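Note sheet for the following structure.
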Amino acid sequence: MNTSQIMMLGAMVVYLIMIICVGNYFSKKNETSHDFYLGGRGMGPWVVAMSAEASDMSGWLMMGLPGLAYATGIADAGWTAIGLALGTYINWKLIALPLRNYTAVANNSITVPDYLSNRFHDKRKILMNVAALFIVIFFVVYTASGFVACGKVFVTLFNFPYLPSMLVSALVIILYTTYGGFKAVCHVDFVQGTVMFFALMIIVGIGVGTAGGFGEISANVAQYDGYLSMFSTYSPDGASTYSWITIASGLAWGLGYMGMPHILVRFMAIRNASELKKSRRIGTSWCVLSLAMAVLIGVLGRTLYPDALSGSATESVFIMMCKNLLTGGALPIIAGVMLCGVLGAQISTSDSQLLAASSAVAQNFYQGLIKKDATEKQIMKVSHVSIILIAGAACAFALNPDSSIFKIVSFAWAGFGGAFGPLILFSLYWKRTNLPGAIAGVIAGGVTVLVWKLLLSPLGGIFGLYELLPAFILSSLAIIIVSKLTAEPSAEIQKEFDTAKSMTLETK
């Protein structure tokens, strides 16, 4: 290792140690499972906004999305970014406030499966356990993407072996999540969201200057057929024309937000529902600017290093730019700090996912199904063990260093969006939604994602559509049809619906 690499590594190690210390600090503040999983509903608007967006974006914001733009041009990355930006705003606008109020009305629910079970008075816990099962399945896959990204950071920067790099990163995440809980995760995510934003901004600024300005960048990438078009995809073999299926698939990413348990729980945790408007403005602004800069970094990478990366290595373009543009003097330390933004992107999502998945095991499977009279101490113990086991399963999925971060995230994103997105929306806005309809919706959405992705998408044609869109549609239809064909909700459930709706109107 040379001096620059040692300086970068030193900054990153200090960062990881600080994260573990944060977890240790907040471990003393978790007296109950309510504190561990929801922070006692005491989070401020800035923490809620930044932690929601940081946990949302994950490693693909600084690796997957720039890599996609580098490899194929702005169309694939651009339509995805537009869909996500719209989805972010809609989620904050339509879901955040009603969900915060309804979870309080529905027996002070602290997890998404809890809310769904309490919302529909699921006394037999069928809906809660079906929801918890899908959460565990898709979060194992989603968490694996973060572990893969962490491993790739150290491989690209320092030529470290992939497997030890991935495992050590996973261990850090496990340690502070296990002990710190929701408060630690949110406060660390706030810092990581800030670091991610400024890392993107600085690299864009230096990259544009190094490339000679936007005019020079545009002229340079224009030589690649279809690279700057929003309706075609670049490849070395020639541009391919975009179809409506590809555009719809990109925009469909926005539908996923309504079903993301690790994002929804942030809305539930804010100390005052009236502060969500401020959080919405902060979170949406951060999201739009960060997505735009991530796509631009891919274009800059193509300009500065046109043939340096291929295959899954294209997802390391941001890391390469940090490594090459920040050299000499104290700049490697700055590069190390900025690369903490890359680590932060992975960590901020993986920690939230582990927490949400462990809550499904401890709160829903263990307390809801196995031991209904479990003490707080027993629940906390199961929570800690489940984090370790789920992380272990995610590590198994992350063993392949050639895994595509973008593809892993897209599958898990579709799973959550298809299984939970429609039901969250209907549960907040359609009083007629009942328990059979809710169960049918979750199963239809989750199964459609699995079948479409694994069996139908290889057939091509219409089946090339991103699996989230058909899953969202079929889940919605299942909710409507089954709810209409079965008995309407009880008077008590309808009264709770009206109470939550009144609270939302008053808050607005």
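The structure presented is a predicted model; accordingly, all values stated were derived computationally and were not measured. Computation of the quantities below employed the complete heavy-atom set of this structure, encompassing side-chain atoms and omitting hydrogens, waters and symmetry-equivalent molecules.
In terms of heavy-atom proximity, S279 sits nearest to W92 at CB-CZ3, 3.5 Å. Contact detail for V47 and M43: the closest heavy-atom pair is CG1-SD, 4.1 Å. Here the closest heavy-atom approach between residue L465 and residue P470 is recorded as CD2-CD, 3.9 Å. Nearest heavy-atom pair, T80 versus D76, reported as atom, atom and distance to 0.1 Å: OG1-O, 2.8 Å. Between V482 and A440, the shortest heavy-atom distance links the atoms CG2-CB, 3.7 Å. Counting all heavy atoms, side chain and backbone alike, A85 lies closest to L291 at N-CD1, 3.9 Å.
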Kindly indicate, with the supporting measurements, whether the criterion side-chain contact (heavy atoms from CB on, under 4.5 Å) is fulfilled by L133 and N129. CA-CA 6 Å; L133 178 62; N129 287 294; over 6 Å; no
Working note: C395 + F147, criterion side-chain contact (heavy atoms from CB on, under 4.5 Å); need CA distance, chi angles, decisive distance, verdict. CA-CA 7 Å; C395 285; F147 292 171; 3.7 Å; yes
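Residue K501 places its NZ atom among 12 or fewer non-hydrogen atoms of other residues, nucleotides or ligands, all under 6.0 Å distant. The environment of Y162 atom OH is dense: over 12 non-hydrogen atoms of other residues, nucleotides or ligands sit within 6.0 angstrom.
T314 places a side-chain N or O within 3.5 Å of a backbone atom of G311 that can act as its donor or acceptor partner. In this structure, the side chain of Q378 engages the main chain of T375 through a donor-acceptor pair within 3.5 Å. With hydrogens and angles disregarded, a donor-acceptor distance shorter than 3.5 Å links the side chain of R100 to the backbone of I270. Side-chain atoms of T504 come within 3.5 Å of backbone N or O of A500 as a donor-acceptor pair. Between the side chain of S358 and the backbone N or O of I387, no donor-acceptor pair lies under 3.5 Å. Checked by atom type and distance alone, the side chain of S475 pairs as donor or acceptor with a backbone atom of G441 at under 3.5 Å. Under a 3.5 Å cut-off, the side chain of T433 and the backbone N or O of W430 do form a donor-acceptor pair. At least one donor-acceptor pair under 3.5 Å links the side chain of Q494 to the backbone N or O of P489.
Residues meeting the ring pair (Phe, Tyr, Trp, His ring centres under 6.0 Å) test with F472, sequence neighbours left out: none.
Side-chain contact between I493 and K431: absent, with no pair of heavy atoms (C-beta onward) separated by less than 4.5 Å. Between K277 and L97, every side-chain heavy-atom pair lies at or beyond the 4.5 Å cut-off. Looking at L200 and F318, their side chains come closer than 4.5 Å, going by heavy atoms from C-beta outward. Side-chain contact between V136 and F365: present, with at least one pair of heavy atoms (C-beta onward) separated by less than 4.5 Å. Counting heavy atoms from C-beta on, the side chains of D114 and N107 never come closer than 4.5 Å.
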Which pairs of donor and acceptor atoms, one on a side chain in residues 405-426, lie under 3.5 Å apart (sequence neighbours left out)?
residue : atom : partner : partner atom : Å
S410    : OG   : F406    : O            : 3.4
S410    : OG   : K407    : O            : 2.8
W413    : NE1  : W253    : O            : 2.8

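The OG atom of S117 sits 8.0 Å away from atom CG of L435, with the distance rounded to the nearest 0.5 Å. Distance CG/L264 to CG/N91: 6.0 Å, rounded to 0.5 Å. Distance check: N118 CG to L127 CG gives 10.0 Å after rounding to the nearest 0.5 Å. Separating the CG atom in L255 from the CE atom in M258 is a distance of 5.5 Å, to the nearest 0.5 Å. I439 contributes atom CD1, which lies 8.5 Å from atom CZ of R124 (distance to the nearest 0.5 angstrom). Residue M196 holds its CE atom at 6.0 Å from CE of M62, rounded to the nearest 0.5 Å.
Side-chain contact check for S243 and T246: at least one donor-acceptor pair (N or O, by modelled atom type) lies under 3.5 Å.
One finds a salt bridge joining K371 and D373 here, because a Lys/Arg side-chain nitrogen approaches an Asp/Glu carboxylate oxygen to under 4.0 Å.
Residue pairs meeting the ring-ring contact (aromatic ring centres under 6.0 Å, His included) criterion with at least one member in residues 106-127, sequence neighbours excluded: Y102-Y115.
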